[in-house]
Enquirer: 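Starting off with a structure, shown below.
A note on names: the letters A, B, ... follow the listed sequences, proteins ahead of strands, and every chain is numbered from 1. Everything numeric here is computed off the predicted structure, so don't read it as measured data.
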Amino acid sequence: MSDRCHGIRDKLSAYADGELPAADEERVRAHVAECVECREALAAIALADEAVAGGDVSRSEEDWERLAARVDAAVAQADEQDRRAAEAEHGWRRRRKPGFFGGLLPAPVAFGSAGTLVAALLVVLMHGLLEERTPETDLLTAEDMLAARGRPRSAERDSAPPPPPPELRALGYVVDAEPEAKEKEEEARQTLASFEKGAGEVGGAAGGGRAPGVGAAPRASGVEESPAAAPAPAEAGPVEAGTAEPAPAEEPVEAGPAEPAPAEASRADASPDGRTDSDEAALRPVEPGLRISEPAADAPIGEEEAEADVDAEAEADVASGSWASTSSPEAPPPDPRTLSDLAEDYAKRRAASPPPPPPPAPTKSLIRQRGNAPSRPDAMTRALQEQRRETDQALGLALAREVYLFAQERRQEGDIEGAISALSLLLDNENGRIREQAWADLISLEGDKAIEEGEVVEIARVGSAADAFLREYPSSRFRLGVIKRRVRLWAEAVEQRPDLYCEPARAAETDWQQTFGAQTDPENAESSRRIRQACGW
Amino acid sequence: VTESAPRRDEDSAPEDRELVLRARQGDRAAFGLLVRRHQRRIHGLGVRLLRDRDDADDLVQETFVRAWRALERFDPERPLLPWLYRIATNRAMSLLEIRRRRPAEELTEAVADPGPSPQEDAERRRLHREVRREVDRLPEEQRVVLILRAAEDLSYREIAEVLGVPIGTVMSRLSRARETLRKKVRR
């Protein structure tokens, strides 16, 4: 390009399209007449246009009519959907695309509604393991999980587990038993009750009537725990679904120690490998979760029958309500081996955990002892408990890590629904950092999926989840990503339903504008523009 | 598409307007006529933007369903096709955005090569293929402008309207896209 071409070359494109103002056009024409290079550039433009326009995009008349008929049907269906949506005033927030999670789960994150027994059990398992929480576990991040070894951090939070933010519930990220899920809930309640029954026979009154895994472990540590430390979030969906009657928190303190001892003794007798396992009794409520993949390998003899029934029920539930059905017919189901491995791995580590503490001493005697120097058995109990607590924390985090890695694996293999299911398990985690990471990942995965499927209700649901995330974690390290994602989601939703979504879309746009603006985030300037356009802003 | 594009006789504005008015009253048959009239254009855009014929079919369906739902808000005095293009383009861009963040997909030559023609020798076909491959690698914002201009034959003003950007932006994106292609594709 010669100097003469300066000021001409960037006009050639518009010149070729006849879109230059008359004065410019005359100048370019005169130049091109004398400049070989610019003539070649014009020829290249013509070639490119020809290539882009060329190619065969035609089809037969029958094919066109078929496509048009398909559109007709879709329009009729949209009409019908809108009519029904109008009828059920608030129904729109609840409805899901049929086939999404096999139509059985109202939402990937609706694992709290009872059909998702396995999900619930896994979560329950984690609840149980993380039961004795310390500030350190709370502050562990998901990155820490990924690093397999949690680094203790300065304590900042008190020990009461945070309830899931109300927004999660409102948005379907924590789902209460919905009216339409009543039936499933009842089913799960019975199943879980039968778990408890099996456990209760051995575990005694201490575990009876409480949600499995949630403060249900009738072990010595229960004696010292303040009621507040027991994470029995009656708020939490998954637990709630299976909890028939949460017992008063004091119950284990008073009644616990009295009953389990004889039961455990008889159990120790019955144990085939001679393990005296109040340890196992303590874990009993969470065991069914493991047996889903690994049926009762070392079940105590006296209970084999009852447990076989429980297993059958558990498997039936698996088949009907959770992992097995979380994939659409098109997508292959999540690799069951990995889940089994997870359980197996856990079982191994569980087996390798330190010996159980001796039977708990009655509360009153402990209180009496407090004024004195601790007796040797008490000191030993404490040491063992401490060891046990550490192990449980490590196992709980390791399990969360496994679930997270599993989700990543699914994602990489293109099984988005499998990844969503796995991440959903972590959403209810009482560790705020874990929940935060899972939540952010879900917004990303579900957001893409919703936009791809184009279902406006689903898009808006995830958009609302992003809104809630930003309220819940105003200084999250995922905040910037969520803000970007959110503006895209709302742009997509508001274009379809400006009558419904202008308000949240504007809020999202404003946040994005204040955080980035078109200059620093040109990628999402488009979304911003779309929102302004749709809302006449 | 509009007055500036008299070359298209299939979408004479008054007729569209009448059908739109009927469709707004809930007349799905009238809307069906609009579908049959404009689906090819939307489909062509879909194939070029999404590089997949099935995706283009889906795009046609989604575009018209969205248009149907939004018809109340559409001004029947305005030309319909740019509006449909806008819906389709926005939708396609969303899908492309998601794809971009997914593991790389194979670029497919969805727009089939036309058979050999007397005017088009082997060398020219090779060049066309090369151009299309490079077009696929352009930034989306440039690619969409080029397709709307070169394949859909929209004026700059129409493209600006479809994309909701100033005409100057259309002009500069197009210029950059063509300059890139010129540098990449050597005769």
Side-chain angles (χ1 to χ4, degrees), chain A residues 9-14 16-17 19 40-41 43-45 47-59 64-65 67-79 82 412 414 444 447-449 451-452 454 456 488 491-492 495-499 522-523 526-527 529-530 532-534, chain B residues 26 28 31-32 35-36 39-40 43-44 47-48 53 56-57 60-62 64-66 68-70 73 87 90-91 93-95 97-98 101-103 111-114 124 127-132 135 141 146-147 149-151 153 155-156 164-165 171-172 174-175 177-179 181-182 185 187:
Chain A
R9 199 48 80 85
D10 59 349
K11 292 193 165 58
L12 285 179
S13 165
D17 292 326
E19 295 264 2
E40 279 178 1
I45 288 174
L47 173 78
D49 282 12
E50 201 176 274
V52 172
D56 180 15
V57 293
S58 67
R59 47 170 62 186
W64 284 123
E65 183 47 39
L67 179 57
R70 187 181 134 184
V71 175
D72 288 346
V75 167
Q77 195 188 349
D79 257 3
D82 293 350
Q412 276 159 15
S444 159
D448 275 3
K449 189 167 179 292
I451 290 178
E452 197 165 29
V456 66
R488 285 201 286 271
E492 194 70 23
E495 242 166 24
Q496 293 193 53
R497 298 300 300 267
D499 51 328
E523 198 179 328
E526 177 73 6
S527 301
R529 182 193 62 71
R530 285 164 67 181
R532 289 166 171 267
Q533 194 175 47
Chain B
R28 288 208 295 262
F31 190 75
V35 170
R36 282 155 184 78
Q39 65 174 350
R40 291 160 204 240
H43 191 264
V47 170
R48 292 189 167 94
R53 284 164 178 264
D57 283 0
V60 168
Q61 176 176 322
E62 290 181 41
F64 282 106
V65 168
R66 285 170 189 218
W68 170 256
R69 280 186 160 139
R73 304 190 305 275
I87 297 173
N90 282 340
R91 177 71 186 137
M93 298 297 267
S94 290
L95 293 173
E97 152 80 24
I98 292 170
R101 279 182 280 110
R102 291 243 171 102
V111 181
D113 258 331
R124 200 160 190 78
L127 281 171
H128 280 180
R129 270 200 302 276
E130 213 173 305
V131 170
R132 282 200 285 268
V135 168
E141 57 176 25
L146 183 64
I147 288 170
R149 171 63 219 154
D153 210 13
S155 70
Y156 285 14
V165 297
M171 205 178 281
S172 61
L174 202 45
S175 181
R178 285 165 163 169
E179 186 61 10
L181 295 179
R182 187 183 67 81
V185 182
R187 280 165 185 269

Enquirer: Nearest 0.5 Å, what's the CD-CZ distance between B/Q61 and A/R70?
Expert: 4.5 Å
Enquirer: Under the side-chain contact (heavy atoms from CB on, under 4.5 Å) test, which residues partner B/R28, sequence neighbours left out?
Expert: A/V75, A/A76, A/D79, B/W68
Enquirer: Any side-chain heavy atom of B/R69 within less than 4.5 Å of one from A/D82?
Expert: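 Answer yes - side chains close enough.
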Enquirer: Which one of A/A69, A/A73, A/A74 has the most heavy-atom pairs closer than 4.5 Å to chain B?
Expert: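 Top count of heavy-atom pairs under 4.5 Å with chain B: A/A74.
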Enquirer: Compare every heavy atom of A/A53 with every heavy atom of B/A150, then report the nearest pair and how far apart it is.
Expert: O-CB, 3.4 Å
Enquirer: Specify which of B/V60, B/V165, B/N90 makes the most heavy-atom pairs with chain A at under 4.5 Å.
Expert: B/N90
Enquirer: What's the separation between atom CD in A/E495 and atom CD1 in B/I87, rounded to the nearest 0.5 Å?
Expert: 8.0 Å
Enquirer: Can you say whether A/Q77 sits under 4.5 Å from chain B via the side chain, the backbone, both, or neither, judging by heavy atoms?
Expert: neither
Enquirer: Find the distance between CD (B/E97) and CD (A/E526) and round it off to the nearest 0.5 Å.
Expert: 10.0 Å
Enquirer: Could you work out, with side-chain contact (heavy atoms from CB on, under 4.5 Å) as the rule, every residue matching A/D72, not counting sequence neighbours?
Expert: B/R36
Enquirer: Do B/R182 and A/R9 pass the side chain to side chain contact (heavy atoms under 4.5 Å, CB included) test, and can you show the C-alpha distance, the side-chain angles, and the key distance before you say yes or no?
Expert: CA-CA 12 Å; B/R182 187 183 67 81; A/R9 199 48 80 85; 3.3 Å; yes
Enquirer: In terms of heavy-atom pairs under 4.5 Å with chain A, which of B/R91, B/E141, B/E62, B/R73 leads?
Expert: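 Most heavy-atom pairs under 4.5 Å with chain A: B/R91.
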Enquirer: Tell me, for B/L95 versus chain A, whether the close heavy atoms (under 4.5 Å) come from the side chain, the backbone, both or neither.
Expert: side chain
Enquirer: Nearest 0.5 Å please: distance from the CD atom of B/E179 over to the CD1 atom of A/I45.
Expert: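 B/E179 CD to A/I45 CD1: 8.0 Å, rounded to 0.5 Å.
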Enquirer: Taking all atoms of both residues into account, what is the closest heavy-atom pair of A/W64 and B/Q39, and its distance?
Expert: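 Nearest heavy atoms, A/W64 then B/Q39: O-NE2, 2.9 Å.
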Enquirer: I need the B/L146 CG to A/D49 CG distance, nearest 0.5 Å.
Expert: 6.0 Å
Enquirer: Please tell me whether A/R530 and B/S94 have a donor and an acceptor in their side chains that are separated by less than 3.5 angstrom.
Expert: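 The answer is yes; a qualifying pair exists.
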Enquirer: Please report the shortest heavy-atom distance between B/V131 and A/A48, naming the atom on each side.
Expert: CG1-CA, 3.8 Å
Enquirer: Apply the test salt bridge (charged side-chain N to carboxylate O under 4.0 Å, His left out) to residues A/D17 and B/R178: give CA-CA distance (whole Å), side-chain angles for both, the deciding distance (0.1 Å), then the verdict.
Expert: CA-CA 12 Å; A/D17 292 326; B/R178 285 165 163 169; 2.7 Å; yes
Enquirer: Might you point out which heavy atoms bring A/E19 and B/Y156 nearest each other, and give the distance in Å?
Expert: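 Heavy atoms only, the tightest pair is OE2-N, 2.9 Å.
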